[in-house]
Amino acid sequence: MTDSKYFTTTKKGEIFELKAELNSDKKEKKKEAVKKVIASMTVGKDVSALFPDVVNCMQTDNLELKKLVYLYLMNYAKSQPDMAIMAVNTFVKDCEDPNPLIRALAVRTMGCIRVDKITEYLCEPLRKCLKDEDPYVRKTAAVCVAKLHDINAQLVEDQGFLDTLKDLISDSNPMVVANAVAALSEIAESHPNSNLMDLNPQTINKLLTALNECTEWGQIFILDCLANYTPRDDRESQSICERVTPRLSHANSAVVLSAVKVLMKFMEMLPKDLDYYGTLLKKLAPPLVTLLSAEPELQYVALRNINLIVQRRPEILKHEMKVFFVKYNDPIYVKLEKLDIMIRLASQANIAQVLAELKEYATEVDVDFVRKAVRAIGRCAIKVEQSAERCVSTLLDLIQTKVNYVVQEAIVVIKDIFRKYPNKYESVIATLCENLDSLDEPEARAAMIWIVGEYAERIDNADELLESFLEGFHDESTQVQLQLLTAIVKLFLKKPTETQELVQQVLSLATQDSDNPDLRDRGYIYWRLLSTDPVAAKEVVLAEKPLISEETDLIEPTLLEELICHIGTLASVYHKPPSAFVEGSRGVQHKRLPGSAGSGESESPDAGSAGGVSEAPPAVIPSQGDLLGDLLNLDLTPPTATGPPPPSSGMQMGAMDLLGGGLDSLLGGDLGGSPAMGSGFGGPPAAMPASFSAPVSGGLDDLFDLGGGVGMPMGAYSPPKTIWLPAMKAKGLEILGTFARRAGVIQMEMTLTNKAMSVMSDFAIQFNRNSFGLAPAGPLQVLTPLSPNQSIEVALPLNTVGPIMKMEPLNNLQVAVKNNIDVFYFSCQYPISMLFVEDGTMDRQVFLATWKDIPNDNEAQFQIKDCHLNSDAASNKLQGSNIFTIAKRTVEGQDMLYQSIKLTNGIWVLAELKVQAGNPNFMVSLKCRAPEVSQCVFQSYEAVLKN
Amino acid sequence: MIHSLFLVNASGDIFLEKHWKSVVSRSVCDYFFEAQERATEPENVPPVIPTPHHYLISVLRHRIFFVAVIQSEVPPLFVIEFLHRVVDTFQDYFGVCTEAAIKDNVVVVYELLEEMLDNGFPLATESNILKELIKPPTILRTMVNTITGSTNVGEQLPTGQLSVVPWRRTGVKYTNNEAYFDVVEEIDAIIDKSGSTITAEIQGVIDACVKLTGMPDLTLSFMNPRLLDDVSFHPCVRFKRWEAERILSFIPPDGNFRLLSYHVSSQNLVAIPVYVKHNITFREGSSQGRFDLTLGPKQTMGKAVEAVLVSSQLPRGVLNANLNASQGTYTFDPVTKMLSWDVGKINPQKLPSLKGTMSLQAGASKPDENPTINIQLKIQQMAISGLKVNRLDMYGEKYKPFKGIKYMTKAGKFQVRT
């Protein structure tokens with residue numbers, strides 16, 4: 001007699017049978033049938049066809065049947081909106097039922113039916129329920145407002161439900177208060193700047209009272225809400241802390257962590273010499289430790305947050321090192337987090353214990369964990385100076401085990417130790433060299449090569465060692481190649497006499513045979529340095545290296561402050577600012593810790609008298625996310641506004657030429673230079689410096705241009721980038737783009753931004769057939785995967801030999817972009833001016849003949865308004881976009897420019913531009929055998945002239 | 001808030017889905033399956049997985065993954081705690097929380113989930129209240145329902161839902177009034193090679209089974225309350241009273257509940273009940289290894305150590321183990337390399353031992369890793385921290401209840417390194 005019987009009817013006519021049963025007269029049979037329907041629904045079967053039959057069962061006094069029908073309705077109302085309307089009456093009636101359970105159920109279910117038409121009918125019952133005498137109904141209605149807001153935000157605002165919700169914060173029932181807070185918080189998330197949660201001392205007091213009496217979940221909502229408040233002074237701060245502290249003993253870990261958040265934030269305002277401050281610090285440790293004895297999933301979240309707390313206030317847990325010791329059957333994600341915190345807590349006092357543990361972990365089974373443990377030993381050495389010697393000897397012990405991956409990790413970290421404490425532990429180099437052959441991972445090989453190069457003068461056979469690596473140079477990874485190049489150059493500078501041949505060999509390997517630009521560049525730089533000024537080379541290559549900092553892995557302080565305000569949230573688990581990743585939280589306000597008392601903040605003008613003075617709050621630095629946004633903004637602003645008047649087209653063309661030429665000669669020099677350089681080390685070919693210095697600026701410009709996008713006025717007009725594909729529509733991929741014609745090549749220039757949480761890769765692009773046969777001339781060059789929040793600029797060269805289909809509008813282009821996640825489609829319009837070819841100058845005679853030849857019906861006239869250019873400037877400007885003036889006539893103070901344009905598909909467009917001095921309105925007459933293009937061409941005229 | 005819930009079984013099938021807001025396609029679970037594939041063991045699947053539009057937060061209980069889908073910023077602990085509550089509720093209702101049990105009761109499961117969350121906000125998660133809203137299935141009730149056509153959905157608003165004591169319903173009646181408390185302590189410890197304690201702590205709980213008529217108000221006091229400096233209480237406990245007098249004063253929920261859990265971490269208070277003498281060695285170049293293990297009681301205050309179970313993950317290179325147990329039985333699984341020895345009770349006069357040889361792959365080099373020994377045990381009638389209840393009083397009701405207190409010590413994560 002179990003529900004599994006509902007799953008057994010998988011015969012063909014199942015739906016049919018159910019239909020019959022649902023319409024049965026017997027109550028019992030009906031109920032059984034609805035249960036079967038629900039069972040099918042739970043496992044994802046489509047039973048939406050039964051909608052009318054199930055809704056018919058709604059009119060019943062049987063509460064269970066009613067609930068089941070409601071369940072069904074919530075699931076399928078969206079797909080059957082018209083049928084759902086039929087249910088409205090019953091809902092409205094149920095909202096008046098004497099039983100509060102039914103009233104609440106009805107208003108709750110109505111809110112879950114996400115159909116616009118139904119929401120209209122919901123308003124009146126909801127308004128009543130919000131003021132219901134029964135608190136159970138009120139608290140259900142409070143949540144319903146949030147639901148409704150999700151479906152139709154405007155409606156909620158118009159109906160004044162938000163104000164009613166705010167009133168509920170002062171409700172006499174704590175559960176109602178908690179739900180009102182929860183609903184408001186959810187609504188506020190999509191309205192970052194609205195002042196929904198107007199927190200003042202009175203409401204705070206209400207919340208604190210409700211906190212003691214509501215359910216655990218309500219406590220979480222209230223605590224999270226409290227955390228947004230900024231107390232006026234340290235006294236208020238202390239009193240809130242006192243009332244929140246009992247929550248630390250709650251059995252629900254989420255309550256505990258939310259309480260920790262409130263305390264961590266408000267503690268900032270307390271003077272450090274206050275007794276209460278010390279008491280509070282002591283009270284924070286036990287609950288955090290307790291979280292670590294819970295289920296592993298809870299532990300993980302707790303550990304991620306403890307990681308933040310330890311960075312902000314190491315004193316809280318400094319005596320609790322042992323609870324972070326790893327148990328062998330902890331899940332790997334817990335082990336790694338514990339390890340990280342162990343290092344953060346490591347100090348001179350406990351380092352012996354920590355090292356003994358780490359050494360123990362290095363013999364565990366899990367290879368990943370073992371590697372991390374070995375790395376941790378290195379981090380300890382760097383963090384706790386007194387322990388460095390111990391760490392080194394521990395690492396040497398581990399190297400003696402000869403376990404391959406342990407040895408490799410050990411060598412990588414010993415390199416870091418050398419950098420932190422130069423000239424201290426070089427005695428171990430001999431031991432390291434013994435293990436040279438067993439290294440097969442790039443990072444370990446690179447580390448070893450670095451060590452050999454750095455200490456070349458102490459290693460007798462350094463040249464032999466490095467030479468042995470050189471044999472398989474091309475099979476090595478880039479990391480190793482770069483390191484080898486540098487190491488050999490170092491060796492040469494230290495022992496020039498015997499290693500000249502070696503250095504020549506590596507330089508030619510790097511510059512001639514490699515197709516990696518980084519490697520080639522570095523090779524050339526060394527080569528030129530060595531050939532022109534060996535003294536300078538020494539200064540550069542053997543320069544004193546800055547010591548590596550103690551904790552490179554610390555979270556940047558402003559971000560840390562923000563994350564402390566978000567303890568317990570996803571942001572704190574990912575250690576990223578909340579604005580960076582949660583979809584839907586548009587423009588979340590950055591939270592920051594309140595200043596400590598006496599730091600003279602505007603909110604606490606009287607705090608100075610309180611006496612406590614401690615560190616001043618650091619200035620708010622925009623977080624990385626903002627910075628990125630700013631950069632993007634810069635990129636997007638059209639360049640005109642305040643700049644100098646645009647230079648004439650002739651000059652621009654000149655600049656183009658210079659640039660192109662420079663680029664060519666740079667490339668030429670590059671290619672031609674290498675063999676010549678290989679010939680003699682002493683004197684590089686004279687051509688090199690020349691070709692280098694001349695194009696440098698051009699090259700730089702070019703680089704800037706890449707970064708600045710439209711920022712540089714180029715010859716041909718190219719519109720600013722616009723959003724083609726918003727991230728919302730493409731699973732986090734955002735595409736901004738424009739078209740440009742650069743040096744005769746049509747380019748589609750795009751900025752791809754990954755706004756999703758996962759890495760994107762495998763990009764590809766395709767066009768639909770279009771009016772001018774535009775097609776990508778090559779694959780989309782996105783070589784490296786795009787990590788979250790990263791943007792990349794791509795220029796896709798286009799040709800016009802693709803399949804042709806007339807589009808509406810003519811210049812419409814439909815594009816499909818694929819990545820590893822999905823395929824996305826968008827359409828964009830390109831300025832037709834990029835199809836104007838460079839040889840568009842028509843002979844005057846031909847022009848005249850053609851003009852006459854084209855029937856007058858094909859002539860189109862347009863007016864360009866507000867264009868403050870004289871005819872010459874206009875002509876120059878247009879020429880930049882391949883609109884060529886072939887003749888000019890002045891009649892009665894009116895300049896007539898006769899212009900010709902040739903499109904990529906050979907269509908000619910003839911134009912007559914009338915410019916009257918002092919009149920900002922130009923007239924254009926266009927004549928073409930294919931009059932369809934006229935409209936587009938006119939748009940181009942307008943765009944070019946006005947930009 | 002919580003958007004959707006998917007239940008995934010050990011073989012990676014979604015066997016139940018529930019959506020509290022709009023429907024999220026089950027393809028969102030593909031990200032979870034990917035993570036599952038990457039993890040070597042099911043336990044190693046990370047609890048929070050980001051996807052382009054959602055976050056997946058999962059817990060693994062009873063070999064079922066409970067995968068919650070969230071879309072906006074929601075405290076992950078909130079979600080995890082809620083999922084644990086779902087599991088506990090299922091267990092409470094159906095006795096076990098298995099795929100079969102959930103499928104057998106799918107409609108009740110659905111009703112429960114609907115009652116526990118509204119639009120992703122927790123609604124009723126207290127077992128007392130849920131049981132009033134939706135009656136747990138019993139064979140008797142199912143039969144009665146079938147005959148009479150009544151339902152297992154309550155017609156009345158649960159009384160506890162809004163009262164100041166939301167955890168207790170009114171009108172409770174028993175003929176036998178009884179209140180039992182179990183003090184259960186688990187020792188988590190890591191013992192190093194040489195037998196010295198690296199860390200040791202006690203996780204203690206007091207679980208109660210209270211079946212008392214009316215609205216009883218209980219107080220529980222301890223002989224040595226100072227032990228309890230790190231405690232988490234059931235919401236029923238009056239915190240102020242505890243702060244001031246170190247007395248637990250509360251109106252109990254009806255039935256089974258966890259009154260408090262505590263944590264004793266200062267090491268001198270943690271007694272280690274057993275010691276292990278071990279010698280597990282491999283010689284270079286030999287295809288044999290020695291295995292030698294002896295157990296003995298240490299600080300047990302005269303109480304017997306029972307239900308001892310020793311398990312150890314032997315190195316991968318071990319092909320088989322040929323051992324001799326002085327008492328109990330041992331098994332070695334050559335696939336997982338898991339050695340487990342069911343010892344039973346430790347007799348202090350004749351210490352249990354397990355000795356013999358392990359065979360290694362011929363020609364393989366000596367294993368790098370050192371196995372860790374995991375020990376489970378039970379000691380009745382003793383809380384190893386020494387915690388003792390002083391007295392239990394009842395106010396507010398006239399009758400005299402039966403009272404009982406039981407102590408028990410178990411090994412939690414008790415690990416001996418070799």
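We name chains A, B, ... by the order of the sequence lines, and we start the count at 1 in each one. Reckoned from all heavy atoms, side chains included, excluding hydrogens, waters and symmetry mates. Computed from a predicted structure; not experimentally measured.
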What part of A/Ile220 is in contact with chain B, defined as an atom under 4.5 angstrom from a non-hydrogen atom: side chain, backbone, both or neither? side chain
Given a strict heavy-atom distance threshold of 4.5 Å, which part of A/Tyr328 is in contact with chain B: side chain, backbone, both, or neither? both
If one checks every heavy atom of A/Val326 against chain B at 4.5 Å, the contacting part turns out to be backbone
Side chain / backbone / both / neither for A/Lys283 at chain B, heavy atoms under 4.5 Å: side chain
A/Glu364, part contacting chain B, at a heavy-atom distance under 4.5 Å: backbone
Go through the atoms of A/Glu295 and report whether side chain, backbone, both or neither lie under 4.5 Å from a heavy atom of chain B. side chain
Check whether A/Asn754 gets within reach of chain B through its side chain, its backbone, both or neither, counting any heavy atom under 4.5 Å. neither
Would you mind checking which part of A/Leu298 comes under 4.5 Å of any heavy atom in chain B, side chain (CB onward), backbone (N, CA, C, O), both or neither? both
With a 4.5 angstrom heavy-atom cut-off, which part of B/Lys240 approaches chain A: side chain, backbone, both or neither? neither
Which bit of A/Pro246 comes within less than 4.5 Å of chain B, counting heavy atoms only: side chain, backbone, both or neither? both
Region of A/Tyr361 that comes under 4.5 Å of a non-hydrogen atom in chain B: side chain
What part of A/Phe221 is in contact with chain B, defined as an atom under 4.5 angstrom from a non-hydrogen atom: side chain, backbone, both or neither? side chain
Can you tell me which portion of A/Val143 sits under 4.5 Å from chain B's heavy atoms? Options are side chain, backbone, both or neither. both
